[in-house]
Amino acid sequence: MLRIVLAEDSVLLREGLVGLLERFGHQVVAGAGNARELIEAVAEHRPDIVVTDVRMPPGFTDEGLRAAIELREREPALAVLVLSQYVQRSYAGELLDSSDGTRVGYLLKERIGHVEEFVDAVQRVAAGATVVDPEVVRQLLRHRRAPLSRLTAREQEVLALMAEGRSNASVAEALHVSEGTVSKHFGSILTKLDLSLTDATNRRVLAVLAYLRG
């Protein structure tokens, strides 16, 4: 069971998400309608994960995102999953730059309609994964720069799927190749991105972040 602070200014959507998450055995310990309430709720309840909208009162621009980044600066291990109506590259980039890039996610709100995918994303982010919506990945890819140009088309496919939070087995299934082939591609990716000497526990996250920031 995860203890969750949920920030969403729409009461109807917030209550719907509370019911959904509780149906899967999790506990929403607090609901927030604005960024200030979100920060206060996290300080009071010390949740396992924060799920927050990007745009919140009073300005409905990026208040939820700013609050999430501030919370991550205060507590780098705090898991945060941000929901957005649209793909905002700057939003995604700033969020992924917070802390060490682990325990963070960026999903489009339409993903909430895919109930099991949404709940799975919440659980994976809380467990330490980096989860980025496939549409966000696609749009970020259009703006890629060096050193990603060093990667082959297949290596970029592998890294794009990893950026969605997929395991090696899931990447292999999607590309109809073996897990060994995926591992070989990833080894090549690490070398080309100059990450081959990085601590093994962080290499995957750093490679994904390099991909998304590029």
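We use all heavy atoms of the structure for the numbers below, so side chains are in, but hydrogens, waters and symmetry mates are not. Just so it is clear, the structure is predicted and the values come from calculations on it, not from any experiment.
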Q: Shared ILVMFWY cluster between Val82 and Met56, side chains joined below 4.5 angstrom?
A: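 They do not share one cluster, since no chain of ILVMFWY contacts under 4.5 Å joins Val82 to Met56.
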Q: For a 4.5 angstrom cut-off between non-hydrogen side-chain atoms, does Pro76 reach Arg103?
A: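 Contact flag for Pro76/Arg103 side chains = no.
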Q: Provide the closest heavy-atom pair for Ala41 versus Ala30 in the form atom of the first, atom of the second, distance.
A: CB-CB, 3.8 Å
Q: Is any side-chain heavy atom of Met162 closer than 4.5 Å to one of Val171?
A: yes
Q: Hey, does Ser183 have a side-chain heavy atom less than 4.5 Å from the side chain of Asn168?
A: yes
Q: Near Glu173 CD, under 6.0 Å, is it more than 12 heavy atoms from other residues, nucleotides or ligands?
A: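 No.
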Q: Write out all pairs satisfying side-chain hydrogen bond (donor to acceptor under 3.5 Å, both in side chains) with one or both partners inside residues 7-20, taking only residues at least two apart or from two chains.
A: Glu8-Lys109
Q: Which heavy atom of Arg55 sits nearest a heavy atom of Asp53, and at what distance?
A: O-OD2, 3.1 Å
Q: Should the pair Arg74-Glu70 be classified as a salt bridge under the 4.0 Å nitrogen-to-oxygen rule?
A: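 Glu70 and Arg74: salt-bridged.
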Q: Share the residues that join Leu21 in a hydrophobic cluster, the rule being Ile, Leu, Val, Met, Phe, Trp or Tyr side chains under 4.5 Å apart at the heavy-atom level.
A: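 Same cluster as Leu21: Leu2, Ile4, Leu6, Leu13, Leu17, Val18, Leu20, Phe24, Val28, Ile49, Val51, Leu81, Leu83, Leu107, Ile112, Val115, Phe118, Val119, Val122, Val125, Val131.
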Q: Nearest 0.5 Å, please: how far is CG in Asp133 from CD in Glu110?
A: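 Glu110 atom CD to Asp133 atom CG measures 6.5 Å (nearest 0.5 Å).
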Q: How long is the straight-line distance from CD of Glu157 back to NE2 of His185, given to the nearest 0.5 Å?
A: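 Rounded to the nearest 0.5 Å, the NE2-CD separation comes out at 8.5 Å.
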Q: Mind checking salt bridge (Lys or Arg N to Asp or Glu O under 4.0 Å) for Glu40 and listing every partner two or more places apart, or none if nothing turns up?
A: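 Expected list: Arg36.
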Q: Any chance the side chains of Ser178 and Thr181 put a donor and an acceptor closer than 3.5 Å?
A: yes
Q: In terms of hydrophobic clustering (I, L, V, M, F, W, Y; side-chain heavy atoms under 4.5 Å; direct or indirect links), are Ile69 and Leu38 co-clustered?
A: yes
Q: Kindly indicate whether the side chain of Val29, heavy atoms from C-beta on, has any atom under 4.5 Å from the side chain of Glu44.
A: no
